[in-house]
Amino acid sequence: MVKCAQYGGESVGRKYIVKEYVLATIGVIITAVGVVSFLIPNSIAAGGASGLAIVLNKLFGLPVGVWMYIINAVLFLIGFITVGKDFSVKTIYCTFLLNFFVDFFDRIVPIPRYTEDLIIAVLFGDIITAVGMALTFTQNASTGGTDIVARIFNRFFAAPMGTTLLIADLFIAVFAGAVMGSKLGMYAILAIMVNGMMIDFVLKGIESSTQVLVISEKHQEIANFVLNELHRGATYVEGKGAYTNKDRKILLIVLRRRELGELVSFIRRIDKSAFIIISEVRHVIGEGFQNIGNVF
């Protein structure tokens, strides 16, 4: 029988929380730049609250940022009534911060806009917003909008979040086509598809994680390095060598791919005879990785 003992695992401190908010804020600002510089000036309604706001701006004339405030406020109100307090403070913060920066860059301190080619606008607008949104998602937050609609349908009809999001965004694209013409409607659908693929691509790069099994006589030093230098957890698994019949302590470590080099370099320095197994993992859910409330 295999026995496991968890080694480490401190609670998330204030420093970690501040880091999450700082990175989420940077992600929101990047997203706002993509929306204002490429999507709004070309009337590309690429789904979400910003896409619906672009269409409503064409119909009624209120600025896109103001419409985003109204849309998200209404959606959050409906969400609180129907779903309850199933929204993190960070998500509410990021949602209305995005509204603020879209309005800020659009009307108060205007930033440069690109209006020459719709395909280039779609591609660069999607790439920039995807990077910003992915960075926000990695900090266990979202930017509201159709995410709220997806949560409501998931709660009452058990509809998959991803499917509901796609349907809601496509509905906005069809609405855009009806209001602004079929050409812009098709560009909106293209933008939604590209944006989804880009977010997945960026998230895969940012969140790619690695599982490492280490068998070493210097397991204590390696565990201390993981806990104190990499600030990750480590689990001891009790094992026994089939050839030597000797009891061994195996370290199970999960970390970001970018942290793997530091770990291997450290092990190489202190124990060149260490046995290391490295494998990619698809998802890691838990403290320091993905929040279980924001996956699937």
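Values below: all heavy atoms of this structure, side chains included; hydrogens, waters and symmetry mates excluded. Counting from 1, the numbers follow the sequence of the chain as shown.
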S.K.: So that I can tick it off, tell me whether Lys246 and Glu217 are bridged by a salt bridge, with the cut-off set at under 4.0 angstrom between side-chain N and carboxylate O.
M.R.: yes

S.K.: Roughly how far, to the nearest 0.5 Å, is the NZ atom of Lys58 from the OG atom of Ser43?
M.R.: 3.0 Å

S.K.: Less than 4.5 Å apart, side chain to side chain, heavy atoms only: is that true for Tyr236 and His219?
M.R.: yes

S.K.: Determine whether the aromatic ring centres of residues Phe100 and Tyr69 are separated by less than 6.0 angstrom.
M.R.: no

S.K.: Please say yes or no: joined through hydrophobic side-chain contacts below 4.5 Å, possibly via intermediate residues, are Ile148 and Val74 part of one cluster?
M.R.: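 Looking at the clustering, Val74 is in the same group as Ile148.
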
S.K.: Which of parallel (below 30°), tilted (30 to 60°) and perpendicular (above 60°) describes Phe101 and Phe104?
M.R.: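 Phe101 and Phe104: perpendicular rings.
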
S.K.: Can you give me the closest heavy-atom contact between Ile222 and Ile253, atom names plus distance?
M.R.: CG2-CD1, 4.5 Å

S.K.: What verdict does the side-chain hydrogen bond (donor to acceptor under 3.5 Å, both in side chains) test give for Thr129 and Asn195, after you've listed the backbone C-alpha separation in whole Å, the side-chain angles of each residue and the deciding distance to 0.1 Å?
M.R.: CA-CA 8 Å; Thr129 56; Asn195 187 253; 3.1 Å; yes

S.K.: Taking the side chain as everything from C-beta on, heavy atoms only, tell me whether Thr115 gets closer than 4.5 Å to Asn42.
M.R.: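 They are in contact (side-chain heavy atoms under 4.5 Å apart), so the answer is yes.
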
S.K.: Atom CG of Leu62 and atom CH2 of Trp67: how far apart are they, to the nearest 0.5 Å?
M.R.: 5.5 Å

S.K.: Please enumerate all residues that pass ring pair (Phe, Tyr, Trp, His ring centres under 6.0 Å) together with Tyr21, with sequence neighbours excluded.
M.R.: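 Result, ring pair (Phe, Tyr, Trp, His ring centres under 6.0 Å) vs Tyr21: Tyr93.
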
S.K.: If you measure from CD1 on Ile44 to CG on Leu39, what distance do you get to the nearest 0.5 Å?
M.R.: 5.5 Å

S.K.: Is it true that Val174 and Tyr187 fall in one hydrophobic cluster, defined by side-chain heavy atoms closer than 4.5 Å?
M.R.: no

